[in-house]
2 protein chains.
Amino acid sequence: MRSIGALGKATNTKVETIRYYERIGLLAPPQRTDGNYRTYDDEALARLSFIRRSRDLGFSLDQVRALLSLTDQGTQDCKTVDRIARDHMAEIERKIADLIALRHELSTMIESCGGGNISGCRIIEALSPFDN
Amino acid sequence: MRSIGALGKATNTKVETIRYYERIGLLAPPQRTDGNYRTYDDEALARLSFIRRSRDLGFSLDQVRALLSLTDQGTQDCKTVDRIARDHMAEIERKIADLIALRHELSTMIESCGGGNISGCRIIEALSPFDN
DNA sequence: ATGCTCCCTGTAGCAACTACAGGGTCAAGA
DNA sequence: TCTTGACCCTGTAGTTGCTACAGGGAGCAT
């Protein structure tokens, strides 16, 4: 059994975040000590580690919730898990593509500026709606 | 002069978003009709277009605010503009790198699953803290 | 007894909108 | 003239995923 602070250290999670996960129902309310302190067992540690790892991989809390409920049902519905992971992957692909397009536009814009001694700023011009 | 709805259509911006920009001081409060409707001139259209284009390029509202104040000062401080743009570019590079690393991790995880007929789900295992 | 670190609850803040609720305005058609 | 419908108004609360207090209590060392 460990305190919330110890759990936080073990999972690299802020105390407030753990309480937040409890509030939104991602973590079950743990047992309390006489002094009303939360105490966590190994299962809670495993669950929070799972949540954090999923979050690090970019899953939303809703997706994490879905993954957790699938693992909570003993029936390991691998197809659904696979679909969630693949959907997430597709979204990341989209984001990468968007950012690469953005980088291209930005770099074109910045190139045209060239250092800062031009009287009319090309970046501002590039952002402006009408050609001056 | 145009209504808020017309301005929204012209700049592909929701009416609520325009009012929000006004509330946070990004757009000046426009003139009103007798019936208390907002009316916008061409300058407002240009300003909102600038904002939207900057947002599309991923600048934060704070960055947009800085860019706008630089253009409002007649002195076109190209160096500052350039720095804002380059900082933003660097951040986008970071995001791209992060997402690509993520994609790699995710794809390894998904590959190992292979379709959904395994008894212990490999994705769940990959997310779990301990090897079962 | 005092200080220190930890813990508690509850609420408010962040970005950048979005979505109502509960009304007023205005132009066009019957 | 009346009414319908599309638009507009203000104000407030919701979204995501936390984070940061404020104002207290618990527990341990000196």
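Residue numbers begin at 1 in each chain, while the letters A, B, ... track the order of the sequences. Everything numeric in this text was worked out from a predicted model, so none of it was measured.
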Exercise for review: Take the protein atom CZ of B:Arg65 and the nucleotide atom C1' of C:dC17, then report the distance between them rounded to whole Å.
Suggested key: 14 Å
Practice item. Please list all pairs passing the salt bridge (Lys or Arg N to Asp or Glu O under 4.0 Å) test where one or both residues lie in residues 21-39 of chain A, with sequence neighbours left out. Key: A:Glu22-A:Arg38
Review point. Can you name the side-chain hydrogen bond (donor to acceptor under 3.5 Å, both in side chains) partners of B:Gln31, sequence neighbours left out?
Key: none
Revision key, fill the gap. Going 5' to 3' through nucleotides 2-16 of chain D and flagging B where a protein heavy-atom sits under 4.0 Å of the base, S where only the sugar-phosphate is that close, and - otherwise, we get -----BSSB------
Study note, to complete from the structure: Sorted by chain and number, sequence neighbours left out, side-chain hydrogen bond (donor to acceptor under 3.5 Å, both in side chains) with B:Glu91 holds for none
List the atom pairs, donor and acceptor, that lie under 3.5 Å between side-chain atoms in residues 55-68 of chain A and the rest of the protein, sequence neighbours left out.
residue : atom : partner : partner atom : Å
A:Arg55 : NH1  : A:Phe59 : O            : 2.4
A:Ser60 : OG   : A:Asp62 : N            : 3.4
A:Ser60 : OG   : A:Gln63 : N            : 3.1
A:Gln63 : OE1  : A:Ser60 : N            : 2.9
A:Arg65 : NH1  : A:Ile24 : O            : 2.9

Check your understanding: In residues 94-102 of chain A, which residues come under 4.0 Å of DNA chain D by heavy atom?
Key -> none
**Study point:** Test salt bridge (Lys or Arg N to Asp or Glu O under 4.0 Å) applied to A:Asp87 - qualifying residues, sequence neighbours left out
**Key:** A:Arg83
Check your understanding: For the pair made of CD in B:Glu91 and C1' in C:dA15, what is the distance, rounded to whole Å?
Key -> 13 Å
Point to revise | Phosphate-side-chain proximity, B:Tyr21 and C:dC17, N/O vs OP1/OP2 below 4.0 Å | key: yes
Review point. Once you build an axis from the first five pairs and another from the last five of the helix from C:dA1-D:dT30 to C:dA30-D:dT1, how far apart in angle are they, to 10 degrees?
Key: 30°
Exercise for review: Starting from P on D:dC18, measure out to CG on A:Asp56 and report it in whole angstrom.
Suggested key: 10 Å
**Study point:** Toward the 5' end of DNA chain C, by each residue's nearest nucleotide, B:Asp34 or B:Thr17
**Key:** B:Thr17
Review point. Nearest-Å distance, CD (A:Glu22) to P (C:dC7)?
Key: 14 Å
Review point. Which whole-number value in Å describes the distance from A:Leu26 CG to D:dG17 P?
Key: 10 Å
**Study point:** Nearest-angstrom distance from the residue atom CD1 of A:Ile51 to C1' of D:dC18
**Key:** 14 Å
Check your understanding: By salt bridge (Lys or Arg N to Asp or Glu O under 4.0 Å), which residues pair with A:Arg19, not counting sequence neighbours?
Key -> none
**Study point:** Set of salt bridge (Lys or Arg N to Asp or Glu O under 4.0 Å) partners for B:Arg52, sequence neighbours left out
**Key:** none
Exercise for review: Rounded off to whole Å, could you give me the CG-to-C1' distance for the B:Leu27 and C:dC17 pair?
Suggested key: 14 Å
Review point. Can we say B:Asp82 and B:Arg86 salt-bridge, meaning some charged N sits less than 4.0 Å from an Asp/Glu carboxylate O?
Key: yes
Point to revise | Partners meeting salt bridge (Lys or Arg N to Asp or Glu O under 4.0 Å) with B:Glu16 (sequence neighbours left out) | key: none
**Study point:** Pair A:Thr39-A:Ile4, side chain to side chain contact (heavy atoms under 4.5 Å, CB included): steps then yes or no
**Key:** CA-CA 7 Å; A:Thr39 45; A:Ile4 192 167; over 6 Å; no
Check your understanding: Just how far, in rounded Å, is P of C:dA16 from CZ of B:Arg52?
Key -> 12 Å
Practice item. Could you pull out all residues at least two apart from B:Ser69 that satisfy side-chain hydrogen bond (donor to acceptor under 3.5 Å, both in side chains)? Key: none
